[in-house]
Protein chains: 2
Amino acid sequence: MENEMKIFKDFLVSKSLKLTRPRKIILREVFQNHDHFTVDELFEQIREKHSNVSRATIYRTMPLLIDAGLLKQSLRCEAKDRYEHIYGHEKHLHFICDRCGKIIEIELKQLENILNDMAKEYDFKIREYNLGARGLCKECQKKTE
Amino acid sequence: MENEMKIFKDFLVSKSLKLTRPRKIILREVFQNHDHFTVDELFEQIREKHSNVSRATIYRTMPLLIDAGLLKQSLRCEAKDRYEHIYGHEKHLHFICDRCGKIIEIELKQLENILNDMAKEYDFKIREYNLGARGLCKECQKKTE
DNA sequence: TTAAATTTTGAGACTCATTTGCATAAAACT
DNA sequence: AGTTTTATGCAAATGAGTCTCAAAATTTAA
């Protein structure tokens with residue numbers, strides 16, 4: 001936690017930006033949330049704790065956290081962008097169920113190697129990547145029709 | 001072409017839906033377009049040929065083509081969903097440049113195997129998947145600042 | 001430490017892709 | 001042909017995300 005705050009602070013300073021109260025709150029809640037959350041969910045999460053921050057500020061802070069390497073836009077579901085924080089660098093694959101919306105996370109180390117090879121070949125500098133598969137989860141496959 | 005039409009027709013019939021004129025036009029243009037297109041671009045493409053179809057109908061037809069296995073929602077760029085048709089099954093990876101928006105497509109057979117292994121392990125039935133990486137393309141890396 | 005300058009915030013207006021309601025049109029059925 | 005059903009187009013509605021701008025917080029200058 002302290003660690004993330006320091007990273008964010010340093011990042012902000014390097015851009016001549018300030019670690020303000022709302023930004024601190026957002027960072028804290030982002031790291032308290034271990035799901036794939038939407039801005040709206042984060043907004044609610046913050047509001048429940050009576051430490052109000054406007055939606056606009058959250059929207060404005062997301063790219064800062066992403067640039068600071070602390071947050072990732074992980075997937076899009078039902079027309080909403082979803083985010084997840086990044087501790088270290090556990091990259092993963094998401095299986096998203098078309099029917100119940102469940103998100104299964106899978107670590108995938110092999111992937112990184114393949115990607116890096118490709119990036120080298122095409123001289124592309126990867127900032128972030130996402131691998132998502134959609135289909136039916138175990139449970140939903142059983143429910144016929 | 002005839003092939004795709006047949007697949008679409010069969011799909012529609014199986015759902016008690018009809019292969020109408022607008023649906024035929026949309027299918028034809030989807031397969032004439034070899035890019036990652038937006039609904040709006042498809043709309044324009046159709047309009048240029050004087051065979052008008054409303055945006056609403058295009059929006060309504062996209063999920064049908066997807067369900068029929070002929071279309072794929074390939075990526076999202078600048079707040080717009082982009083689609084691409086599916087011939088056979090060339091799945092691929094997209095490198096999307098953050099700066100110039102260029103999309104580099106890469107075939108990735110190895111990936112499929114890994115994914116299938118994982119799907120089996122988690123009992124997940126994959127309908128489609130996407131692997132997208134964002135960063136800087138060769139050219140944009142040179143432009144410093 | 002007060003005053004001026006700068007940055008950030010919150011609230012709500014705005015944008016724009018996508019969805020929806022409804023009246024009309026086309027198609028299938030009788 | 002007339003009736004029922006489904007599809008279409010238009011225009012209005014929706015809703016996530018962005019932007020504006022006045023007020024608030026923070027920094028800098030004196």
Side-chain angles (χ1 to χ4, degrees), chain A residues 8-9 11-30 36-47 49-68 71-83 101, chain B residues 5 8-30 36-47 49-68 71-84 98 101:
Chain A
F8 195 30
K9 174 84 190 277
F11 168 81
L12 291 170
V13 166
S14 80
K15 299 267 182 184
S16 330
L17 299 172
K18 294 156 194 60
L19 183 56
T20 59
R21 199 184 92 96
R23 286 179 181 154
K24 269 187 208 161
I25 292 174
I26 292 168
L27 178 75
R28 170 159 45 83
E29 295 304 324
V30 158
H36 304 81
F37 58 85
T38 61
V39 163
D40 226 61
E41 285 164 4
L42 193 63
F43 174 75
E44 268 309 315
Q45 180 183 328
I46 291 172
R47 213 163 58 91
K49 301 191 183 170
H50 312 293
S51 34
N52 281 8
V53 171
S54 77
R55 255 180 261 269
T57 300
I58 300 180
Y59 274 113
R60 282 188 283 238
T61 305
M62 295 290 102
L64 297 178
L65 289 170
I66 290 174
D67 282 355
L71 186 69
K72 174 178 178 192
Q73 190 178 323
S74 70
L75 51 87
R76 198 177 161 80
C77 214
E78 286 147 354
K80 272 169 277 190
D81 286 329
R82 289 186 171 270
Y83 300 87
Chain B
M5 197 64 86
F8 194 29
K9 174 84 190 278
D10 290 350
F11 168 80
L12 291 171
V13 167
S14 80
K15 299 267 181 184
S16 331
L17 299 173
K18 295 158 189 60
L19 182 57
T20 58
R21 200 184 91 94
R23 286 178 181 156
K24 270 188 206 160
I25 293 173
I26 292 169
L27 178 77
R28 171 159 45 82
E29 295 306 323
V30 158
H36 304 81
F37 58 84
T38 62
V39 164
D40 227 62
E41 285 164 3
L42 193 64
F43 174 76
E44 268 309 314
Q45 180 183 327
I46 291 172
R47 212 164 58 91
K49 301 190 183 171
H50 312 295
S51 34
N52 281 9
V53 171
S54 78
R55 256 181 260 272
T57 299
I58 300 180
Y59 274 112
R60 281 188 279 237
T61 305
M62 297 290 102
L64 297 178
L65 289 171
I66 290 174
D67 282 356
L71 186 69
K72 176 180 175 189
Q73 190 178 324
S74 71
L75 51 86
R76 196 176 162 80
C77 213
E78 285 147 355
K80 274 170 275 193
D81 285 329
R82 290 186 171 272
Y83 300 87
E84 62 186 305
D98 284 330

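The figures here come from the full heavy-atom set of this structure, side chains too, leaving out hydrogens, waters and symmetry mates. Chain letters run A, B, ... following the sequence lines, proteins first, then strands; residues in each count from 1.
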Looking at C:dG10, I'd like to know if its phosphate oxygens (OP1 or OP2) sit under 4.0 Å from a side-chain N or O belonging to A:Thr57. yes

Residue from A:Asp40, A:Ile46, A:Thr38 passing side chain to side chain contact (heavy atoms under 4.5 Å, CB included) with A:Leu42: A:Ile46

May I have the distance from A:Leu17 (atom CG) to C:dT6 (atom P), rounded to whole angstrom? 16 Å

Greater than 12 external heavy atoms within 6.0 Å of A:Lys15's NZ: no

Could you give the CZ-to-C1' distance, from B:Arg47 to D:dG9, as a whole number of Å? 15 Å

From CZ of B:Phe8 over to P of D:dA7, roughly how many Å is that when rounded to an integer? 11 Å

Under 3.5 Å, which donor-acceptor pairs link side chains of residues 57-64 of chain B to any protein atom two or more places apart or in another chain?
residue, atom, partner, partner atom, Å
B:Thr57, OG1, B:Ser54, OG, 3.1
B:Thr61, OG1, B:Thr57, O, 2.7

Which residue, B:Ser54 or B:Ser16, contacts DNA chain D at a nucleotide closer to its 5' end, judged by nearest heavy atom? B:Ser16

What is the distance from CG of A:Leu64 to C1' of D:dT18, rounded to the nearest Å? 15 Å

List the atom of A:Lys18, the atom of A:Arg23, and the distance in Å for their closest heavy-atom pair. O-NH1, 2.7 Å

Send over the distance from A:Ile58 CD1 to D:dA16 C1', rounded to a whole Å. 13 Å

Please find the pair of heavy atoms, one from B:Phe37 and one from B:Leu71, that lie closest to each other, and give the distance. CZ-CD1, 3.9 Å

Rounded to the Å, how far apart are B:Glu41 CD and C:dA17 C1'? 13 Å

Whole Å only: how far is the CZ atom of A:Phe43 from the C1' atom of C:dG10? 10 Å

Please give, in whole Å, the distance from D:dT6 P to B:Arg23 CZ? 11 Å

Encode nucleotides 18-29 of chain C as B, S and - characters from 5' to 3', where the letter depends on protein heavy atoms closer than 4.0 Å: B to the base, S only to sugar-phosphate, - to neither. BBBB------S-

By side chain to side chain donor-acceptor pair (under 3.5 Å), which residues pair with A:Arg47, not counting sequence neighbours? A:Glu44

